[in-house]
There are 2 protein chains.
Amino acid sequence: MKISAKAEYAVRAALELAAAAGSGAPLKAEAISRAQEIPAKFLESILLDLRRADLVRSQRGAVGGYWMAKEISEVTIADVIRAVDGPLAYVRGERPEQVEYAGAAEHLAGVWVALRASIRAVLETTTLADVLEGSLPDPVRMLVADPESWAPH
Amino acid sequence: MKISAKAEYAVRAALELAAAAGSGAPLKAEAISRAQEIPAKFLESILLDLRRADLVRSQRGAVGGYWMAKEISEVTIADVIRAVDGPLAYVRGERPEQVEYAGAAEHLAGVWVALRASIRAVLETTTLADVLEGSLPDPVRMLVADPESWAPH
DNA sequence: ATAATCCCCACCGAATCCATAGGAAATATC
DNA sequence: GATATTTCCTATGGATTCGGTGGGGATTAT
């Protein structure tokens, strides 16, 4: 249950692109690298993934760079993470709904499915625009507002 | 965002122990290994983790084995996973509430905290007894009942 | 004594993670 | 057209984690 460095970099890079959306000019990889302190060559491969997922567009050359391919209020954090890391949640290499259990563990698959659903409930409802403005969706905001959410367990 | 083989084995092993709770006799590692098809030596190290976390007790010798140290309705899936894998969720090696962001990513920490909270909402409310009986907590059951939860996205 | 079982540490191969290197292709400017 | 700039793409590499195994010691009941 961890967010990989790659996924986290990807979200931060996407947020930089989201912030630059509407500026008219493309944003260079080097500028993103500096702004978010992401290793330059690693970022390059991440931006390639994002482009292949049709989340961003790019242009080469002297005035080249990257920009968001969609409305930033239409791109969710889940979209960005899936673009670089694949499926959000899996159990021992398989999708949660595909694992089968015997005996005492018979009903365990339901737990994994519920877990994935609750992860989706956060990541698929929160858009780049939401994070940029600091105005998260209401259910997500409620979780953030609860001091218990910030405490280690 | 994946459930490790070790964590999944641990939960299944715990469920076997939960099923055997009240039988009076300890359950041997070898029996758990057979029932859930978990590699014997790997299971051994898992049971050791569970014992060190005070979730199970053990006895050596001819009539030895393992049994739950607590009421199975008091042990959550989160307890079991933490015993073998450490913290439920972390971002680039740190706890979600500890990462700091600059510029466009300023509000990103809130998303990770909400994500962890939603994971906890499932794993900390679901107990071994719940899974054993197939009667998950109401909010979790609602997620499981939604067909959308079972569909790949 | 003996047999069974858990305890514990060391190790190992493979996969994954986090990058880095180096050049080819495209684009704008002079 | 030459040049500078930037993205595109493949290959590679070190470190760490993951999944699993081996072997011997400690404890317990018979």
Side-chain angles (χ1 to χ4, degrees), chain A residues 1-13 17 20 24-34 36-69 81 84-87 90-94, chain B residues 1-13 17 20 24-34 36-69 81 84-87 90-94:
Chain A
M1 293 276 88
K2 78 169 194 227
I3 301 288
S4 70
K6 186 169 191 178
E8 198 238 15
Y9 288 158
V11 174
R12 283 158 60 194
L17 290 171
L27 198 55
K28 297 193 202 315
E30 206 271 333
I32 300 174
S33 170
R34 252 186 300 107
Q36 289 292 329
E37 299 184 81
I38 302 173
K41 292 297 284 185
F42 197 22
L43 175 62
E44 215 182 304
S45 71
I46 289 166
L47 289 168
L48 208 57
D49 283 340
L50 295 181
R51 194 187 58 97
R52 287 180 172 142
D54 290 324
L55 294 179
V56 313
R57 284 201 221 283
S58 62
Q59 188 173 31
R60 301 199 259 202
V63 295
Y66 300 86
W67 63 94
M68 293 304 298
I81 294 179
V84 297
D85 269 3
Y90 45 103
V91 180
R92 288 220 335 272
E94 288 178 64
Chain B
M1 291 277 88
K2 76 171 195 224
I3 301 289
S4 70
K6 186 169 190 176
E8 198 238 14
Y9 287 157
V11 174
R12 283 158 59 195
L17 290 171
L27 197 56
K28 296 190 202 315
E30 206 271 333
I32 300 173
S33 170
R34 252 187 300 106
Q36 289 293 328
E37 296 184 82
I38 302 172
K41 290 297 284 185
F42 197 22
L43 174 62
E44 214 182 311
S45 71
I46 288 166
L47 289 168
L48 206 58
D49 284 340
L50 295 181
R51 194 188 57 98
R52 285 179 175 144
D54 291 324
L55 294 180
V56 313
R57 284 200 221 283
S58 63
Q59 188 173 30
R60 302 198 257 203
V63 294
Y66 300 87
W67 64 94
M68 293 304 297
I81 294 179
V84 297
D85 270 4
Y90 43 103
V91 181
R92 290 221 329 276
E94 287 178 65

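Letters go in sequence order (proteins before strands), and every chain restarts at 1. Every value quoted in this text rests on a predicted model; they were computed, and no experiment measured them.
One atom, NZ of A/Lys28, and another, C1' of C/dA28, lie 10 Å apart when rounded to the nearest Å. Atom-to-atom, CD of A/Glu8 to P of C/dC17 comes out at 15 Å; the value is rounded to the nearest Å. Whole-Å rounding puts the B/Asp49 CG to D/dG20 C1' distance at 14 Å. Residue B/Leu43 contributes atom CG, which lies 15 Å from atom C1' of C/dC8 at whole-angstrom precision. Atom CD1 in B/Ile46 sits about 14 Å away from atom P in C/dC6, given to the nearest Å. As rounded to whole Å, 9 Å separates atom C1' of D/dC9 from atom CZ of A/Arg60. In this structure, B/Glu37 places its CD atom 16 Å from C1' of D/dG20, rounding to the nearest Å. Counting to the nearest Å, the C1' atom of C/dC17 and the CE atom of B/Met1 are 15 Å from each other.
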**Request:** Might you work through the side-chain contact (heavy atoms from CB on, under 4.5 Å) test for A/Met1 and B/Tyr90, ending with a clear yes or no?
**Result:** CA-CA 7 Å; A/Met1 293 276 88; B/Tyr90 43 103; over 6 Å; no
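An OP1 or OP2 oxygen of C/dC8 is reached within less than 4.0 angstrom by a side-chain nitrogen or oxygen of B/Arg52. OP1 and OP2 of C/dC6 both lie 4.0 Å or more from every side-chain N or O belonging to B/Arg51. Taking 4.0 angstrom as the limit, B/Lys6 places none of its side-chain polar atoms (N or O) nearer than this to OP1 or OP2 of D/dG19.
Interface remark: the B/Glu44 side chain does form a donor-acceptor pair with the C/dC7 base, using a distance-only criterion of under 3.5 Å. At a cut-off of 3.5 angstrom, the base of C/dC6 holds no donor-acceptor pair with the side chain of B/Gln59. One can find a donor-acceptor pair under 3.5 Å joining the base of C/dG22 and the side-chain atoms of A/Lys41.
A/Ser33 contributes a side-chain N or O that, together with a main-chain N or O of A/Ile38, makes up a donor-acceptor pair within less than 3.5 Å. Of the possible polar contacts, none joining the B/Lys6 side chain to the B/Ile46 backbone as a donor-acceptor pair under 3.5 Å is found. With A/Arg12 contributing its side chain and A/Gln36 its backbone, the two residues share a donor-acceptor pair below 3.5 Å. A donor-acceptor pair under 3.5 Å is formed between the side chain of B/Lys28 and the backbone N or O of B/Gly64.
Distances from the side chain of B/Phe42 to the nucleotides C/dC6, D/dT21, D/dA29 place D/dT21 closest. Out of D/dT7, C/dG22, C/dC7, the shortest distance to the side chain of B/Leu48 is found at C/dC7. Comparing D/dG19, C/dA19, C/dC8 against the side chain of A/Tyr9 picks out C/dA19 as the nearest. Nearest nucleotide to the B/Ser58 side chain, out of C/dA19, C/dC7, D/dT7: C/dC7. Comparing C/dC6, C/dA21, D/dG19 against the side chain of B/Ser4 picks out D/dG19 as the nearest.
The closest side-chain heavy-atom distance from A/Leu43 to A/Tyr9 is not below 4.5 Å.
Checking A/Val63 against A/Ile3, the closest nucleotide of DNA chain C that is more toward the 5' end is the one next to A/Ile3.
Among the protein residues, A/Ala40 comes within range of no part of the nucleic acid, since none of its heavy atoms lies under 4.0 Å from any strand.
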